[in-house]
Number of protein chains: 2
Amino acid sequence: MSVGIRHDDLRRRNRAMVISAVRRASQPSRTEIAATTGLSHSTISTISSDLISEGILAEAKSNEPVSMKRGRPQVALTLEPKAASVVAVVLSLNSLSAAVIDYAGNTVVEETTRLVTQHMSAEALIDECVAMIRRLTQSDAASGGAVLRIAMAVQGITDAASRKLLWSPITPHDDIPFADRLEQEFGVPVSVENDCNMIAEALRWRDPVRYRDDFIAILLSHGIGMGLVIKGELFTGTQSSGAEFGHMIHRPDGALCRCGRRGCIEAYAGNYAIWRNARLGDENAEPLADLSDDDIRALADAARDHDGPEREAFRKAGEAIGFGLGSMFALFDPAPLAFVGVGATAFDIMEPHVRSAIAKTAGGLHSKAISFDTEPNEVPLKREGATMRALLTVDQEIFAAGTAPRRAEADVA
Amino acid sequence: MSVGIRHDDLRRRNRAMVISAVRRASQPSRTEIAATTGLSHSTISTISSDLISEGILAEAKSNEPVSMKRGRPQVALTLEPKAASVVAVVLSLNSLSAAVIDYAGNTVVEETTRLVTQHMSAEALIDECVAMIRRLTQSDAASGGAVLRIAMAVQGITDAASRKLLWSPITPHDDIPFADRLEQEFGVPVSVENDCNMIAEALRWRDPVRYRDDFIAILLSHGIGMGLVIKGELFTGTQSSGAEFGHMIHRPDGALCRCGRRGCIEAYAGNYAIWRNARLGDENAEPLADLSDDDIRALADAARDHDGPEREAFRKAGEAIGFGLGSMFALFDPAPLAFVGVGATAFDIMEPHVRSAIAKTAGGLHSKAISFDTEPNEVPLKREGATMRALLTVDQEIFAAGTAPRRAEADVA
DNA sequence: CTTATTTTTTTCGGAACCCGAAATAAATAG
DNA sequence: CTATTTATTTCGGGTTCCGAAAAAAATAAG
């Protein structure tokens, strides 16, 4: 709103446009890009030949064998895999994994380890990340483009600038400056973001038709996380990563939450809450530290099999989620939902209760139109999301600007 | 994200930049504009002399008598009042008011009438608006610039495109197409927006320091409304005007709300809810249709005077608002708050309860830092907001593009 | 096999835009 | 009255985009 547009910004933006069109579409031709961006053919032509000569894009080899059409065949453009690479790191409770991805989005090497995150120092956590990234980037396989960006997806709350892990259930330590430390170590920009936000980012790339401009990803796991895309933008807080759906209040002064407060949605719908309600029947019992996925699946099987405390526990969970969604929908209208994580395998049990709770709220007007989708496996989504985050910033911040000063290149030519 | 920037868009945007800088600052000089926009002096010079010759801006007459500074004195630029005018219409329960405002933002003529909105047909409501606008625009006083835009602020839910009143407590009718009908009548673009959103817009102009990029306006009146500005943008739903704070759920299956559902915040904190709790002690009693401001002030006086059902009613109201805010702050971090309307006069009674409720939520981390402000009189705010909305669209959509095709003008010159 | 047709991509000339530097304008200080 | 300071305008230059025309690369038709 306040800063004017310089003449040279224009070129940068339109380069970004072209790169993003190539990343989004599968091998578009120059003509297609001209159509989707609204820019003229001549502009697309110059920009794309610049990008090709800079080694960012490439013309696809004979891919589609026969076009069956008259006229000069379109030349498909692709991202040049060797243009760069990025590292995606996923840090979760007791687990660290990372991968090197080339510029076209293909995984080059990856690695996963188990750690006991809750009993490690902040330093040790950082060191583990550093060590893993170093192993991966120095491996023979990762000999493509230079690593230009590292993106981490972490459980917990990060700051809005994506520099620090402010708070996380996976460690007792606060304010861990992952970005600063990794940047020091590798000399490459690093971002640290909330894992659910990365899940949302990934969904958008997996199914751009369903998950386009407005949708919600909810992670049903030990806690309840959320990634929210509104009007095409990932919705984050002004100071923190935001969208802590699990800590909206379901019942004032209600069940004891892992965060120490009372009545949070998570205190009814988190894995520990469901287990507690089913097995102890005491919603004020101290939350269990860890719970295996099998425990939850066992509860779900019991709930499906017969009426009893398990079924009741899932009812309460569904109700909490439904009322929470209803309250959210009072603020910004319903959107398609994806339930991700172990909890999603039990979503069939909760769904009727979710829907009936939503129906009691302002969002209820459209409750039948709201569509749910489930995806039990959250780990690949987190990695894909972090990957896309990293690649997009390379696109926008590095390659859109032009790697080398363009004037110098013109002299060479 | 998808559309490229054309070469001619650039000028349009930068013209918009300059106009907006003049509207925001009080009489900035060209040099100041260059500084705030980041554009070069020469660009600002050409753009502003274009705008002056088009009659959109003007150089201020000897305003500041002595500058006390060495060097050529700055020439202050102002908006040319006669460049255009707009009409702001405020439709509330039993009241309609409208005003003609010149391009510089000065009110030229205004009028207010009482109507019995709840017993009028949709047609009659539209007709009243048409008649009032016609009277105002045809009055002798309104002989300045042509009316280029009409903006309405209405209680209730409007559609995201600002065309229709989807639902409103002031009338039993749904889907009233104000924008279409007024456009037909006056041949000028019309927008219809939620009144609380306009209050937020107005606050931002009244106090741009406090209400800058993130803040919340809450209207405490018969119902509870909200206008939300997040990251510099008015936050609206994807289909409707959104941000229906009053209908977030405070207590599942709780008190009976005017909307027919149960447990909404409004059912505890709306005027009717406070009155009901204080006087009937039955939170399921049918909500009263109307309640005068004096009734509320009387309840507030009683609550201040002695412990009793009135004080308890305000406690419940404050608690509902506090938990609601806490849930919102789980989603997007706390921001400065303004409480507007009659209810704001009683906010002193509610404040401790609001704060103690927030302290029990995820937003509680910063609860002491959250600052409240009150403004009892909402009517002028609604009008100011609608005015600014209208003027800004004239700035951005009409004058930024250039009134006449620039090529033709160049020929003349 | 050659020519016409169709479609894609590149090239070229022209216009619009912004920038930086220099020039001009308008005030105060000495 | 001149030097200094600050604001604004003018001018030349370089980018950038666009539209039209040309070139390229295929198929269809004779």
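Note that the structure is predicted; figures quoted are calculated from it, not measured. All chains are named by letter (A, B, ...) in the order of the sequence lines, taking the proteins before the strands, and each is independently numbered beginning at 1.
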Nearest-nucleotide pick for B/Ile47, side chain only, options being C/dT9, D/dT8, C/dC18:
C/dC18

Testing C/dA26, D/dT8, C/dC17 for proximity to the side chain of B/Pro73, the answer is C/dA26

How close or far is atom [atom2] of [N] from atom [atom1] of [X], stated in whole angstroms?
{"X": "A/His41", "N": "C/dT9", "atom1": "NE2", "atom2": "C1'", "result": "9 Å"}
{"X": "B/Ile33", "N": "D/dT8", "atom1": "CD1", "atom2": "P", "result": "9 Å"}
{"X": "B/Gln74", "N": "C/dA25", "atom1": "CD", "atom2": "C1'", "result": "14 Å"}
{"X": "A/Arg13", "N": "D/dT16", "atom1": "CZ", "atom2": "C1'", "result": "14 Å"}
{"X": "B/Leu51", "N": "D/dT9", "atom1": "CG", "atom2": "P", "result": "12 Å"}
{"X": "A/Arg12", "N": "D/dT16", "atom1": "CZ", "atom2": "P", "result": "12 Å"}
{"X": "A/Asp50", "N": "D/dT15", "atom1": "CG", "atom2": "P", "result": "12 Å"}
{"X": "A/Arg70", "N": "C/dT3", "atom1": "CZ", "atom2": "C1'", "result": "11 Å"}

Ring-face cation contact, B/Tyr103 with B/Arg23, 6.0 Å cut, 45° max
yes

If each of A/Leu39 and A/Arg72 is mapped to the nucleotide of DNA chain D with the nearest heavy atom, which maps nearer the 5' terminus, i.e. the 5' end?
A/Leu39

Is a side-chain donor-acceptor pair under 3.5 Å present for B/Ser45 with B/Ser42?
no

On a heavy-atom basis, which atom in A/Ala84 and which in A/Phe399 lie closest, and how many Å separate them?
CB-CZ, 3.9 Å

Between B/Thr43 and A/Ser42, which residue's closest nucleotide on DNA chain C lies nearer the 5′ terminus?
A/Ser42

According to a strict under-4.0 Å criterion, is A/Asn14 in side-chain N/O contact with OP1 or OP2 of D/dC17?
yes

Listed partners of B/Glu32 passing salt bridge (charged side-chain N to carboxylate O under 4.0 Å, His left out), at least two apart:
none

